[in-house]
Number of protein chains: 2
Amino acid sequence: MELYTERGFEQTTVAEIAERAGLTKRTFFRHYTDKRDVLFAGAAALQTLVVDSVAAAPPGLAPIAAVAEGLGTAAATTFADHDGVPRARQAVIEANPELQERELVKLATLGAAVTEALRGRGVDGPTARLAAEAGITAFRIAFERWITGPPERALHAVLRETFDDLRDVTSRVAEGRGASPGARADA
Amino acid sequence: MELYTERGFEQTTVAEIAERAGLTKRTFFRHYTDKRDVLFAGAAALQTLVVDSVAAAPPGLAPIAAVAEGLGTAAATTFADHDGVPRARQAVIEANPELQERELVKLATLGAAVTEALRGRGVDGPTARLAAEAGITAFRIAFERWITGPPERALHAVLRETFDDLRDVTSRVAEGRGASPGARADA
DNA sequence: ACCTTGATGGCACCAGGTGACATCACTCGA
DNA sequence: TCGAGTGATGTCACCTGGTGCCATCAAGGT
């Protein structure tokens, strides 16, 4: 992290990282599969947190609501303070395409895990997938809004708002098609 | 593509690709930024197709409906036949994590472009972003369903169905929360 | 004391990717 | 017709991420 923030990700060589940590290049690659992996090593913990939280949501809750709850738990704990480690990490990631790439993979993996968690709640496959991915999308955008927004606004709250916005936005999808648009939720 | 399907992506070296194409390694890298880029070179065309289509959607249409129309156009043209090039391409991609990574980036880029197209229609930033990303999510899942589904089912139709499913799934997001589902802050 | 095991170092090596320079074909104006 | 300019390609050297293989070394158990 030090080196990445100092000189940028690309300009930092693995040999340098290893040296700074008092290790060898070879040993570095035994701990991290990638040069990028350093930034994403903690992702596994976040994933289990979310997955457990989805699984533990009140039974009978709608799939998307369970996902919202799971992601909300992560938002309230891991991302509690606005100016902590995650923010610095995000700055590094945003400065480098290779890292954004990895970030997307991490989120995709999270999506798959949440899908499985939903199926564990008895949700059918396609619906689970859709609810999980929609939730991840909401989380991604909420995180973005949170980072760029005022410090006093908690991610937890932003996330909830984003989920509502997502509902509102998608509700108008059939507009302009043959089917009666207003016959739904917004009626 | 030949080499990638024959021996897999990892096992194919750039020198081999260049040789097969009658080129040099150096020349290859002047045409493609990456070894992966070969598979995604056509993505730019798809993107402009979608963006133009979103921009050309009937004015006054809801953001998400415009996105659905844009993606629907792509679905009806580029992905017309179920067993064409895209399917073979997808098989190669699915066999390799590195390529999936790039695929996600491509979709993220598409999302950003669609966001801009929506803003060009007068949609405010946050809503545009959300509608675009939600649309991309729907497209991703629809494509997946289409690939694994029966050949006679057109992507166009699957996409429309997926959009409706997305609407239905997200509509229940406020379930289990205190506030009445329809009553948002800005209501 | 001896052996096993796990973590590390050392080293050679491969492959993706880049920079710098030479070459070659092609066009265009004097 | 010729020579300059331009763009695409080839050649070569080089860096760096990443891996395989073997040596080393400390710790713990017998």
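Order of the sequence lines fixes the chain letters, A, B, ..., with proteins taken first and strands second; residue numbering starts at 1 for each chain. FYI, side chains are in, hydrogens and waters are out, and symmetry mates aren't considered; it's all heavy atoms of this structure.
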All N/O donor-acceptor pairs, side-chain side in residues 72-79 of chain B, below 3.5 Å, sequence neighbours left out:
unit_1: Thr73(B); atom_1: OG1; unit_2: Ser53(B); atom_2: OG; d: 2.8
unit_1: Thr73(B); atom_1: OG1; unit_2: Glu69(B); atom_2: O; d: 2.9
unit_1: Thr77(B); atom_1: OG1; unit_2: Thr73(B); atom_2: O; d: 3.0
unit_1: Thr77(B); atom_1: OG1; unit_2: Ala74(B); atom_2: O; d: 3.4

Which side-chain N or O atoms in residues 104-116 of chain A pair as donor and acceptor under 3.5 Å with protein atoms at least two apart or in another chain?
unit_1: Lys106(A); atom_1: NZ; unit_2: Glu103(A); atom_2: OE1; d: 3.4
unit_1: Thr109(A); atom_1: OG1; unit_2: Val105(A); atom_2: O; d: 2.8
unit_1: Thr115(A); atom_1: OG1; unit_2: Gly111(A); atom_2: O; d: 2.8

Determine all donor-acceptor pairs shorter than 3.5 Å in which one atom belongs to a side chain in residues 34-43 of chain A; sequence neighbours excluded.
unit_1: Asp34(A); atom_1: OD2; unit_2: Arg36(A); atom_2: NE; d: 3.3
unit_1: Asp34(A); atom_1: OD2; unit_2: Arg36(A); atom_2: NH2; d: 3.3
unit_1: Asp34(A); atom_1: OD2; unit_2: Arg102(A); atom_2: NH1; d: 3.3
unit_1: Asp34(A); atom_1: OD2; unit_2: Arg102(A); atom_2: NH2; d: 2.1
unit_1: Lys35(A); atom_1: NZ; unit_2: Phe9(A); atom_2: O; d: 3.1
unit_1: Lys35(A); atom_1: NZ; unit_2: Thr12(A); atom_2: O; d: 2.8
unit_1: Arg36(A); atom_1: NH1; unit_2: Glu98(A); atom_2: O; d: 3.4
unit_1: Arg36(A); atom_1: NH1; unit_2: Glu101(B); atom_2: OE2; d: 2.6

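Candidate nucleotides dG20(D), dT8(C), dT11(D) were compared by shortest atom distance to the side chain of Thr24(B), and dT11(D) ranks first.
Pairs engaging residues 99-137 of chain A under the ring pair (Phe, Tyr, Trp, His ring centres under 6.0 Å) rule: none recorded [sequence neighbours left out]. Applying the side chain to side chain donor-acceptor pair (under 3.5 Å) test to every pair with at least one member in residues 127-139 of chain B, sequence neighbours left out, gives these pairs: Thr137(A)-Thr137(B), Arg140(A)-Glu133(B), Glu144(A)-Arg129(B), Asp124(B)-Thr127(B), Arg129(B)-Glu133(B).
The CZ atom of Arg102(B) sits 14 Å away from the P atom of dG16(C) (whole-angstrom rounding). The distance between atom CZ of Arg26(B) and atom P of dA15(C), rounded to the nearest whole Å, is 19 Å. Atom NZ in Lys25(B) sits roughly 10 Å away from atom P in dG17(C) (whole-Å rounding).
When every heavy atom of Leu118(A) is checked against every heavy atom of Ala128(A), the shortest pair comes out as CD1-O, 3.5 Å.
Residues passing the side-chain contact (heavy atoms from CB on, under 4.5 Å) test with His31(A), sequence neighbours excluded: Thr27(A). Residues passing the side-chain contact (heavy atoms from CB on, under 4.5 Å) test with Val92(A) are Tyr4(A), Thr5(A), Leu99(A), sequence neighbours excluded.
Apart from Leu23(B) itself, the hydrophobic cluster it occupies contains nothing, where clustering links Ile, Leu, Val, Met, Phe, Trp and Tyr at side-chain heavy-atom distances under 4.5 Å. The hydrophobic cluster of Leu61(B) has no other members, since no ILVMFWY side-chain heavy atom comes under 4.5 Å of it.
Taking every heavy atom of residues 28-37 of chain A and every atom of DNA chain C, pairs under 4.0 Å involve Arg30(A), His31(A), by number. Listed by residue number, the members of residues 3-19 of chain B with any heavy atom below 4.0 angstrom from DNA chain C are Thr12(B), Thr13(B), Val14(B).
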Pairs under 3.5 angstrom, nitrogen or oxygen only, protein versus nucleotides 23-27 of chain C, please.
none

